[in-house]
Amino acid sequence: MPKVSVCCSVLNQSGWLLDMIASVVAQTYKDWELIINDDGSTDGTWELAQVLASTDTRIKAFQNPKRLGIPGNRAAAFAHATGELICHLDGDDELYPYSVQIMVSEALEHPDAALFQSDNAWMDKGGVVYQYHANKEPEENLSHFGWRHFGMYRRSAYDTTAGYNTKLISACEDGDLFMQIAEKHPFRRVPYVLYKHRWHGGNASGSNKKCDTCTERPICNYIRVWAKHVGMDHITYKPLNKE
């Protein structure tokens with residue numbers, strides 16, 4: 001059975017860290033490692049991560065010598081991962097106990113696919129689930145896709161990409177990586193709710209710019225691949241002229 005690396009990049013998330021880690025420890029699939037990579041927290045997150053790592057050898061805590069930002073921190077977390085299958089879990093979110101087991105089963109059943117994405121639930125600040133979200137099935141033009149939680153990909157597929165795009169300032173590095181993988185490999189939707197996304201008003205994704213106004217389009221793989229499939233210029237964000 002493949003080893004799974006759960007990569008968690010954190011910054012000042014001490015209020016959620018214990019619940020996040022508990023949701024990983026409770027997994028029915030046992031061959032995992034949890035990589036917690038701290039980007040210079042000042043609220044006790046790093047100290048708490050170290051204490052919790054001492055309770056289970058599968059929990060590994062690291063801290064960057066200087067702040068890297070979300071894309072750089074994600075890449076730093078991946079650099080510590082040793083699993084054949086890699087997945088993301090944000091420091092303020094949680095998994096269901098069977099989440100990793102189901103995703104691994106899908107990966108074993110579909111060896112041709114490189115990336116797997118589940119449906120997800122939304123929970124409030126206190127952890128109460130208030131909405132379920134079914135993601136779309138794969139579409140040829142990729143027009144409705146970016147990173148979808150719970151996402152798991154093969155290390156072998158990652159090795160065919162340029163990796164996490166640390167040139168980005170916006171927290172779009174997960175979608176950027178997804179498009180690099182989807183450009184070369186099949187991917188699948190796993191039709192189960194496997195991820196609990198906590199909405200507390202301070203989520204990093206809420207500050208991301210919309211593609212039509214983002215100045216990072218020239219260096220973004222997400223918009224590059226998406227635009228190619230829908231017939232647009234990824235830099236000008238205008239339809240390509242057709243003869």
Side-chain angles (χ1 to χ4, degrees), residues 1-10 24 27 29 31-39 58-60 62 64 68-91 93 95 99-118 120 135 138 142 145-190 194-195 204-205 208 216 219-226 228-229 234:
M1 301 297 287
K3 182 179 181 179
V4 175
S5 294
V6 182
C7 293
C8 181
S9 53
V10 298
V24 178
Q27 291 301 301
Y29 189 84
D31 192 4
W32 54 261
E33 63 177 1
L34 174 60
I35 306 297
I36 302 174
N37 211 84
D38 182 73
D39 201 26
R58 296 172 297 177
I59 303 173
K60 303 171 184 179
F62 305 90
N64 301 323
L68 301 178
I70 293 176
N73 197 28
R74 187 83 70 184
F78 176 85
H80 295 296
T82 62
E84 177 185 343
L85 296 172
I86 316 293
C87 55
H88 293 183
L89 175 60
D90 292 339
D93 296 339
L95 299 178
S99 296
V100 173
Q101 180 73 62
I102 289 178
M103 294 298 272
V104 170
S105 296
E106 287 286 328
L108 293 175
E109 186 176 347
H110 302 281
D112 60 316
L115 185 144
F116 305 84
Q117 297 179 320
S118 78
N120 63 282
N135 288 312
L142 302 178
F145 285 90
W147 186 267
R148 297 288 183 266
H149 294 300
F150 180 39
M152 179 180 288
Y153 58 89
R154 301 185 192 276
R155 178 180 291 274
S156 58
Y158 178 92
D159 290 341
T160 68
T161 73
Y164 289 102
N165 190 347
T166 57
K167 296 178 182 178
L168 296 173
I169 298 174
S170 301
C172 300
E173 78 295 332
D174 45 10
D176 185 286
L177 179 66
F178 166 82
M179 283 302 199
Q180 292 187 65
I181 294 175
E183 187 176 26
K184 299 179 179 180
H185 307 279
F187 64 97
R188 294 182 60 85
R189 171 190 170 225
V190 180
L194 303 181
Y195 193 95
S205 58
N208 285 347
E216 296 183 87
I219 61 171
C220 177
N221 289 297
Y222 172 81
I223 192 63
R224 177 184 61 78
V225 178
W226 175 85
K228 181 175 68 175
H229 282 269
H234 72 284

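In this structure the side chain of Tyr29 reaches within 4.5 angstrom of the side chain of Val4, judged on heavy atoms. In this structure the side chain of Leu115 reaches within 4.5 angstrom of the side chain of Phe178, judged on heavy atoms. Side-chain contact between Ile35 and Phe78 is absent, with no heavy atoms from C-beta onward closer than 4.5 Å. Asp90 is listed as a side-chain neighbour of Tyr195, based on a closest heavy-atom distance under 4.5 Å.
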Salt bridge (Lys or Arg N to Asp or Glu O under 4.0 Å), that's the test. Do Asp39 and Arg74 meet it? Break it down for me. CA-CA 10 Å; Asp39 201 26; Arg74 187 83 70 184; over 6 Å; no
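Side-chain atoms of Asn165 come within 3.5 Å of backbone N or O of Ile219 as a donor-acceptor pair. Checking side-chain atoms of Asn73 against main-chain N and O of Asn37 turns up a donor-acceptor pair under 3.5 Å. Not a single donor-acceptor pair under 3.5 Å links the side chain of Glu33 to the backbone N or O of Lys60. Within the 3.5 Å criterion, the main-chain N or O of Gln180 finds no donor-acceptor partner in the side chain of Arg224.
Within 6.0 Å of CD1 on Ile169 lie no more than 12 heavy atoms contributed by other residues, nucleotides or ligands.
Remark: Leu95 CG to Gln101 CD distance equals 13.0 Å, nearest 0.5 Å.
The pair Arg188-Asp112 fails the salt-bridge criterion, with no side-chain N (NZ, NE, NH1 or NH2) lying under 4.0 Å from an Asp/Glu carboxylate O.
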